[in-house]
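Notes follow once the structure below has been shown.
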Amino acid sequence: MNHPLLARLLILLTLLLGAAPALAKPPACPPSATAPSAEQAQTLAAQAPDRGLLYRLRRDGINSYLYGTLHIGRMEWLFPGPQLRMAMAQTQLLALELDLQDSATLKVLSQPPRQREPLRLSEAERQRLAAQARAACLPEGALAGLHPVLQLSSYTVLQARWDGLDPGFGQEQMLGSWARQQGRSVHALESAELQLLALIPQQTQQARQLLLKGLNQLERGQVRPALRRLAEAWAAGDLATLQDYERWCDCIHDAQDRAELQRLNDGRNPALARGIAALHAQGRPVLAAVGALHLSGEQSLPLLLAQLGFEVERLVPASDVR
């Protein structure tokens, strides 16, 4: 996982929404996500605790909310707890990093970025990617239209299915569906074009290094333990573990890795904070849902929003006003 995970899980959701397998799955495949029955949904909804990180943002007499999400999940995580339900009920706009139910966004994400040079692979590199496609139980060539770095990201996240963590159960999926059912407007805090440029290094040499590091980690079985730990920390609202992501993720091995983590996480936070503030300034309460790692670190969104004049109070897990 030489890339920050949360910044790239969005790509996998795009693939799952847009491409259904054309071949029968072989026996050695991870379990597929299945929708809960009506009885399961009723039980899970009634028992759902709060998970993740939730903050109240108050400025100009209006309360908005910031929710730290995970882009993969378990079936029971689809159901919001009491504090998140309250935030959903009290807001009028939903803001996401990207709206993956928007057809124009999906079209951009499914095509090679025009501002990045193609990464031409050797036969050995193609075979290694093909082996990961087989391990993920995807049809041959299903992701061939994507940049190899994005293919790698998809195979990385698909590893989580072996541990019951599926992108179909991500919180953005749930929130986007809820917002549309309730007639809430959905706003993207970033453009698909800019996110693709952030995900894929500008230099082909760096992109190749990124690809090879990620393939090595997949082949060595280093991905699943970190995904499990990330999911467990998110579900428990364990901000301390999320803050310490760089130490335990097994994804930071040199200065280039560290710089990329900073660029993809902290480097995007000022624009995300400004986008949330601009929506709030329209006078309608906003529920902003972004990857939980954006709520950690020295350039965290709660800190940046406080600098923009918001009173920031953490609701989940409970804390005093910041």
Side-chain angles (χ1 to χ4, degrees), residues 1-12 68 70-72 97 113 115-122 124-125 128-129 131-132 136 146-160 165 190 194-234 238-272 290-301 303-304:
M1 289 181 307
N2 50 309
H3 289 283
L5 289 172
L6 295 182
R8 300 182 5 244
L9 297 174
L10 296 170
I11 299 301
L12 177 63
L70 192 66
H71 307 312
I72 54 177
E97 292 175 45
Q115 299 183 46
R116 291 289 185 264
E117 293 183 13
L119 179 58
R120 306 192 185 282
L121 302 180
S122 68
E125 291 165 345
R128 292 176 72 184
L129 271 178
Q132 292 303 321
L146 295 178
H147 190 285
V149 168
L150 301 185
Q151 294 182 44
L152 172 72
S153 297
S154 302
Y155 301 141
T156 297
V157 179
L158 283 169
Q159 287 272 311
L165 296 159
E190 297 180 312
L194 288 177
Q195 189 158 116
L196 277 180
L197 294 179
L199 300 177
I200 302 173
Q202 185 172 6
Q203 303 297 323
T204 56
Q205 181 180 359
Q206 291 181 340
R208 189 179 307 279
Q209 290 174 348
L210 212 54
L211 176 69
L212 295 177
K213 286 180 180 179
L215 284 171
N216 288 339
Q217 290 164 346
L218 282 167
E219 292 162 356
R220 294 170 183 167
Q222 296 173 301
V223 168
R224 283 176 58 189
L227 284 171
R228 286 197 303 269
R229 185 166 185 180
L230 183 66
E232 291 165 0
W234 174 86
D238 185 352
L239 183 58
T241 296
L242 295 176
Q243 298 270 27
D244 209 21
Y245 173 77
E246 181 178 334
R247 184 184 63 79
W248 56 259
C249 72
D250 197 20
C251 61
I252 306 298
H253 302 291
D254 53 35
Q256 180 182 339
D257 292 341
R258 188 167 291 105
E260 182 153 338
L261 175 61
Q262 194 282 331
R263 179 176 64 86
L264 288 181
N265 198 67
D266 290 6
R268 292 164 56 209
N269 284 351
L272 291 172
V290 301
L293 286 184
H294 290 290
L295 278 61
S296 67
E298 295 180 358
Q299 288 291 308
S300 71
L301 282 177
L303 292 175
L304 293 176

Has the side chain of [X] got a donor or acceptor atom that lies under 3.5 Å from a matching backbone atom of [Y]?
X    : Y    : value
R258 : I252 : no
R247 : T241 : no
N216 : L212 : yes
W234 : G68  : yes
E97  : G291 : yes
R208 : T204 : no

Closest non-hydrogen atom pair between [X] and [Y], with its separation:
X    : Y    : value
L215 : R128 : CB-NH2, 3.5 Å
N265 : S296 : ND2-O, 4.4 Å
V149 : A207 : CG2-O, 3.8 Å
L146 : Q151 : O-NE2, 2.9 Å
A231 : L70  : CA-CD2, 3.6 Å
E260 : P201 : OE1-CG, 4.5 Å

Interatomic spacing from [atom1] in [X] to [atom2] in [Y] - rounded to 0.5 Å:
X    : Y    : atom1 : atom2 : value
I72  : L165 : CD1   : CG    : 4.5 Å
R263 : L199 : CZ    : CG    : 8.0 Å
N269 : L303 : CG    : CG    : 10.0 Å
S300 : L239 : OG    : CG    : 8.0 Å
L227 : E232 : CG    : CD    : 11.0 Å
R229 : C249 : CZ    : SG    : 10.0 Å

Are [X] and [Y] side-chain neighbours, meaning at least one heavy-atom pair lies under 4.5 Å?
X    : Y    : value
L295 : L242 : no
R268 : Q195 : yes
L211 : L129 : yes

Residue pair I200, L119: steps toward the side chain to side chain contact (heavy atoms under 4.5 Å, CB included) verdict: CA-CA 10 Å; I200 302 173; L119 179 58; over 6 Å; no
Under a 4.0 Å N-O cut-off, is there an ion pair linking D254 with K213?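 Yes.
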Using the rule given for side chain to side chain contact (heavy atoms under 4.5 Å, CB included), can you reason through L261 versus Y245, listing the C-alpha separation, both sets of side-chain angles and the distance that settles it, and then say yes or no? CA-CA 10 Å; L261 175 61; Y245 173 77; 4.2 Å; yes
With a 6.0 Å cut-off (strictly less than), is the heavy-atom count around CD of Q206, excluding the residue itself, greater than 12?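 Yes, enclosed.
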Run the side chain to side chain contact (heavy atoms under 4.5 Å, CB included) check on L272 and L304 step by step: do they pass? CA-CA 9 Å; L272 291 172; L304 293 176; over 6 Å; no
Would you sort out whether W248 and L230 count as a side chain to side chain contact (heavy atoms under 4.5 Å, CB included), showing the intermediate values? CA-CA 10 Å; W248 56 259; L230 183 66; 4.0 Å; yes
Trace of the side-chain hydrogen bond (donor to acceptor under 3.5 Å, both in side chains) decision for Q222 with D250: CA-CA 8 Å; Q222 296 173 301; D250 197 20; 3.0 Å; yes
